[in-house]
Chemist: 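Below is one structure. I have some questions about it.
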Amino acid sequence: MLRTRFAPSPTGHLHVGGARTALFCWALARRAEGRFLLRIEDTDRKRSSAEAGLGFCGDLEWLGIDWDEGPEHGGNGGGDTGPYWQSKRLDIYAEQFDRLIEAGLAYPAFETADELQAKRAQARADKVAYKYDRAALDLDPDTVSAWIEEGRPHVVRFKVPSGPIVINDEVLGEVVVPDGELEDFIIRKADGYPTYHFAVVVDDSLMGVTHVVRGQEHLNNTAKHLVLQSALGFEHPAYAHLSLIFNPDGSKMSKRDKDKALRAAVREGGLGEPPAGPDGVPVVEKSVWSRWLESKDHQLDLHQATALASVMGVELPEIDVEDFRRAGYLPGVMVNYLALLGWSPGDDREQFDAEFLRRHFSLDRVLKSPAKFDRAKLLAFNLDAIQALDASEFHSLLRAYCDAYHPEFLERLDDVQFELFANANHERSKTLLDPLSSGRFFIEPCSSLRWSPTKPVRKALLNGEPCGFDLLESILPELEAAEWTADSLEAVIGAFAEAHADGKVGKIAQPIRIAVSGGTISPPIFDTLVILGRDRSLKRIRHCLDSRAQLQAEVSA
RNA sequence: GACCCCAUCGUCUAGUCAGGUCUAGGACGUCAGGUUUUCAUCCUGAAAACAGGGGUUCGAAUCCCCUUGGGGUCGCCA
């Protein structure tokens, strides 16, 4: 049976590259009626945290990617080839280490990380490629035993056999790594934990993974994994390396991009100290701050990063699935768009759902070349998907979205108003966030409205004869007398336009829009008035008329 | 620097593996018109690509080589 796995390290949210890998692994398994498993690669004791693991489980679920084996979460997971956290498989690795060492295929090495670092730096200065010199192999066996006896810290290195290594990749074809390219890489760290290379090989084999689908940044690692598999007597799984996803500028879209953006901003601003937040307290603790600046290995957590970005006025790049969810994209659109980055059905069809993908996905239609992530196209797809929704679907999606990210809309609009608000915004929304950012005026108090003399405002209120203010003045009594429904308001305003504005509804609609919203953007004016309600609408129009003199003064100034 | 990967409109791509039907198709974006009470939507139309050079072949976007360009990796990270 075909088995695939997605094996993220729990360092944060799921980013789009990881999401696409997971999606392809999932689709491949589903298509073949195989199994898809999730495994947490938490062999880095410094960086792993429990919450982060759960974070991307939620992201996967939101995308509709379910897994058969792995951490149990929301009905997914379980399985009998676990545990699915590498940190809980230490005894399994220990067994495999012993086999390798006994067979003479791995050996202890005593250089410290700092010593190795220095040698690498030296090699770079000398402009030669660095490779571990196998010094530990020349050590006298008695010395080695004595050192181990006395507990001297050491790593275990794999003795890489000579000869070229051939990778048969399902996407790239045959890739040959020439003889002598690999050094004797470390398979067990000084703290006893396996390195990625070792854990991944052992786990993939023991978990029965038949197809390894991962990003192309792993292509070089595959050579290591192949020789390790041979040494351990494991079968080689099939490999498929996916091309990278790029930012619009052509660099690799990376989970570290947010961190990079912040570092750049800090460097540019010449910040020595962590800046203070609105409450006067530094947004990042001083010790965290200096540790962060010391090394690129340290990243700020999401909370700190967001706070820092906000006080510095830096826009963090959207790279996590969660970022797009927050920005109001639909999960099906993300799946669709992600799938299109490197895969296509082969005809002109571009828009499809997960069901289509699981029926048609195959590795032989995966592109070798990298793809840039195009926000504009994603946005266009999101618009199409939103428009394809029926009114009640859009309404409930918008409600759920507000509930998660902008509860103030649910607090200040009652159920009837909210439904009207959803309906009135449906066809003009590209994202679930759109109606909220253009519709803030619906939930703000009337007293906070200000009319600034921008060009469109001047045009609608001050220009012409009669001008918008005049028209507002004269329609006000009619509105006060009107029944407050969209139909009746339309009739009243239509008739007014016929009588006083050359039959052009726009001439009166736009002044009203500006009066009640403070700006030039709103849903259709009749809907807007109904959502706002009679009292608030009339109050705002009067308020606007009251500010006529001031506005005129500002214009002449 | 060493090794590896990649190369069709600005972007995602179809076509490449099985060379001719390709005066290279679609989508997003852009531009020009049109519809519309604002914004958005919607409609019509246009511009826009086989990176360059050598081969192979009757014939090359498609096969081979070189160049150029882009990217990845080179951690006791994964």
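In what follows, chains carry the letters A, B, and so on, assigned in the order in which the sequence lines appear, proteins first and then strands, with residues in each chain numbered from 1.
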Chemist: Please give me every residue in residues 157-178 of chain A whose heavy atoms get under 4.0 Å of an atom in RNA chain B, ordered by residue number.
Modeler: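 Correct list: A/Leu172, A/Val175, A/Val176, A/Pro178.
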Chemist: Give one of base, sugar-phosphate or nothing for A/Gly519, where a contact means two heavy atoms less than 4.0 Å apart.
Modeler: nothing
Chemist: What nucleic acid atoms does A/Ser344 come within less than 4.0 Å of, heavy atoms only: base, sugar-phosphate, or nothing?
Modeler: sugar-phosphate
Chemist: List in chain and number order the residues that pass side-chain hydrogen bond (donor to acceptor under 3.5 Å, both in side chains) with A/Tyr401, two or more places apart in sequence or in another chain; answer none if no residue qualifies.
Modeler: none
Chemist: Would you mind pulling out the nucleotide paired to B/rG29, Watson-Crick or G-U wobble, both distances under 3.5 Å?
Modeler: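 Pair assignment: B/rG29 / none.
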Chemist: What's A/Glu350 touching, base or sugar-phosphate or nothing? Going by heavy atoms closer than 4.0 Å.
Modeler: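 Answer is base: heavy atoms of A/Glu350 come under 4.0 Å of a base.
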Chemist: Sort out the partner of B/rA7 for me: Watson-Crick or G-U wobble, both distances under 3.5 Å, none otherwise.
Modeler: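 Here B/rA7 is engaged in a pair, and the nucleotide opposite it is B/rU68.
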Chemist: Identify the nucleotide, in any strand shown, that forms a Watson-Crick or G-U wobble pair with B/rU37, with both distances under 3.5 Å; if there is none, say none.
Modeler: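 With both distances under 3.5 Å required, B/rU37 matches none.
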Chemist: Return the minimal non-hydrogen interatomic distance between A/Asp434 and A/Arg428, and the atom names on each side.
Modeler: OD2-O, 4.5 Å
Chemist: Reading RNA chain B from 5' to 3', where do the contacts with chain A start and stop? Cut-off is 4.0 Å to heavy atoms.
Modeler: B/rA2 to B/rA78
Chemist: For A/Phe324 and A/Phe373, I'd like to know if the aromatic rings sit close, meaning centre-to-centre distance below 6.0 Å.
Modeler: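 Under 6.0 Å, so yes.
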Chemist: Can you tell me the base-pairing partner of B/rC74? Count Watson-Crick or G-U wobble geometry only, both distances below 3.5 Å, and say none if there is no partner.
Modeler: B/rG1
Chemist: At 4.0 Å (heavy atoms only), tell me whether A/Arg120 reaches a base, stays on the sugar-phosphate, or touches nothing.
Modeler: sugar-phosphate
Chemist: Can you give me every donor-acceptor pair (side chain of residues 515-526 of chain A, partner residue at least two apart or in another chain, under 3.5 Å) with its distance?
Modeler:
{"unit_1": "A/Ser517", "atom_1": "OG", "unit_2": "A/Arg513", "atom_2": "O", "d": "2.7"}
{"unit_1": "A/Ser517", "atom_1": "OG", "unit_2": "A/Gly519", "atom_2": "N", "d": "3.0"}
{"unit_1": "A/Ser517", "atom_1": "OG", "unit_2": "A/Gly519", "atom_2": "O", "d": "2.9"}
{"unit_1": "A/Ser522", "atom_1": "OG", "unit_2": "A/Arg513", "atom_2": "NE", "d": "2.8"}
{"unit_1": "A/Ser522", "atom_1": "OG", "unit_2": "A/Thr528", "atom_2": "OG1", "d": "3.2"}

Chemist: Could you tell me which nucleotide pairs with B/rA48 by Watson-Crick or G-U wobble geometry, both distances under 3.5 Å, or answer none if nothing does?
Modeler: none
Chemist: With sugar-phosphate meaning primed atoms plus P, OP1 and OP2, does A/Ile493 contact a base, only sugar-phosphate, or nothing at under 4.0 Å between heavy atoms?
Modeler: nothing
Chemist: Under the salt bridge (Lys or Arg N to Asp or Glu O under 4.0 Å) test, which residues partner A/Glu183, sequence neighbours left out?
Modeler: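 Partners of A/Glu183 under the salt bridge (Lys or Arg N to Asp or Glu O under 4.0 Å) test: none.
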Chemist: Which atom names give the shortest non-hydrogen contact between A/Glu427 and A/Leu383, and what distance separates them?
Modeler: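 Where A/Glu427 meets A/Leu383 most closely, the heavy atoms are O-CD1, 4.5 Å.
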Chemist: Check residues 154-166 of chain A and write down every donor-acceptor pair under 3.5 Å in which the side-chain atom is one partner and the other belongs to a residue at least two apart or another chain.
Modeler:
{"unit_1": "A/His154", "atom_1": "ND1", "unit_2": "A/Arg152", "atom_2": "O", "d": "3.1"}
{"unit_1": "A/Arg157", "atom_1": "NH1", "unit_2": "A/Asp184", "atom_2": "O", "d": "2.7"}

Chemist: Give A/Ala380 one of three labels, base, sugar-phosphate or nothing, depending on what nucleic acid heavy atoms sit under 4.0 Å from its own.
Modeler: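 Result for A/Ala380 = sugar-phosphate.
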Chemist: May I ask you to list the residues of residues 435-444 of chain A, by number, that have any heavy atom positioned under 4.0 Å from an atom of RNA chain B?
Modeler: none
Chemist: With nearest nucleotide decided by heavy atoms, which residue, A/His197 or A/Lys224, maps closer to the 5′ end of RNA chain B?
Modeler: A/Lys224
Chemist: Taking for each residue the nucleotide of RNA chain B with the nearest heavy atom, is it A/Gln351 or A/Lys372 whose nucleotide lies nearer the 5' end?
Modeler: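 Closer to the 5' end of RNA chain B: A/Lys372.
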Chemist: Just checking A/Pro370: base, sugar-phosphate only, or nothing, at a heavy-atom cut-off of under 4.0 Å?
Modeler: sugar-phosphate
Chemist: Applying side-chain hydrogen bond (donor to acceptor under 3.5 Å, both in side chains), can you list everything that pairs with A/His500, at least two apart in sequence or on another chain?
Modeler: none
Chemist: Hey, does A/Lys131 reach any base, or is it just sugar-phosphate, or nothing, if we go heavy atoms under 4.0 Å?
Modeler: nothing
Chemist: Checking A/Glu170 now: which residues fulfil side-chain hydrogen bond (donor to acceptor under 3.5 Å, both in side chains) with it, not counting sequence neighbours?
Modeler: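 For A/Glu170 there are no side-chain hydrogen bond (donor to acceptor under 3.5 Å, both in side chains) partners, ignoring immediate neighbours.
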Chemist: Could you check whether A/Thr112 gets within reach of a base, just the sugar-phosphate, or nothing at all, counting any heavy atom under 4.0 Å?
Modeler: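 It contacts base atoms.
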Chemist: Looking at the rings of A/Trp67 and A/Phe56, which for Trp means the six-membered one, are their centres under 6.0 Å apart?
Modeler: no
Chemist: Going by the rule side chain to side chain contact (heavy atoms under 4.5 Å, CB included), which residues pair with A/Ala7 if we only count those two or more places apart in sequence or in a different chain?
Modeler: A/Arg5, A/Arg39, A/Glu41
Chemist: Which is true for A/Glu111 with a 4.0 Å heavy-atom rule: it touches a base, it touches only sugar-phosphate, or it touches nothing?
Modeler: base
Chemist: I'd like a table of donor-acceptor pairs (distance under 3.5 Å, sequence neighbours excluded) in which one partner is a side-chain atom from residues 185-192 of chain A, with atom names and distances.
Modeler:
{"unit_1": "A/Lys189", "atom_1": "NZ", "unit_2": "A/Thr43", "atom_2": "O", "d": "2.9"}
{"unit_1": "A/Asp191", "atom_1": "OD1", "unit_2": "A/Tyr193", "atom_2": "N", "d": "2.8"}

Chemist: Under 4.0 Å between any heavy atoms, over every strand shown, what does A/His241 touch: base, sugar-phosphate, or nothing? Just pick one.
Modeler: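 The residue A/His241 makes no contact with any strand.
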Chemist: Which part of the nucleic acid, if any, lies within contact of A/Ala113, taking any heavy atom under 4.0 Å across all strands shown: a base, the sugar-phosphate backbone alone, or nothing?
Modeler: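 It contacts base atoms.
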Chemist: Enumerate the side-chain hydrogen bond (donor to acceptor under 3.5 Å, both in side chains) contacts for residues 110-126 of chain A, please, sequence neighbours excluded, ordered by first and then second residue.
Modeler: A/Glu111-A/Tyr132, A/Lys119-A/Asp133, A/Gln122-A/Asp126
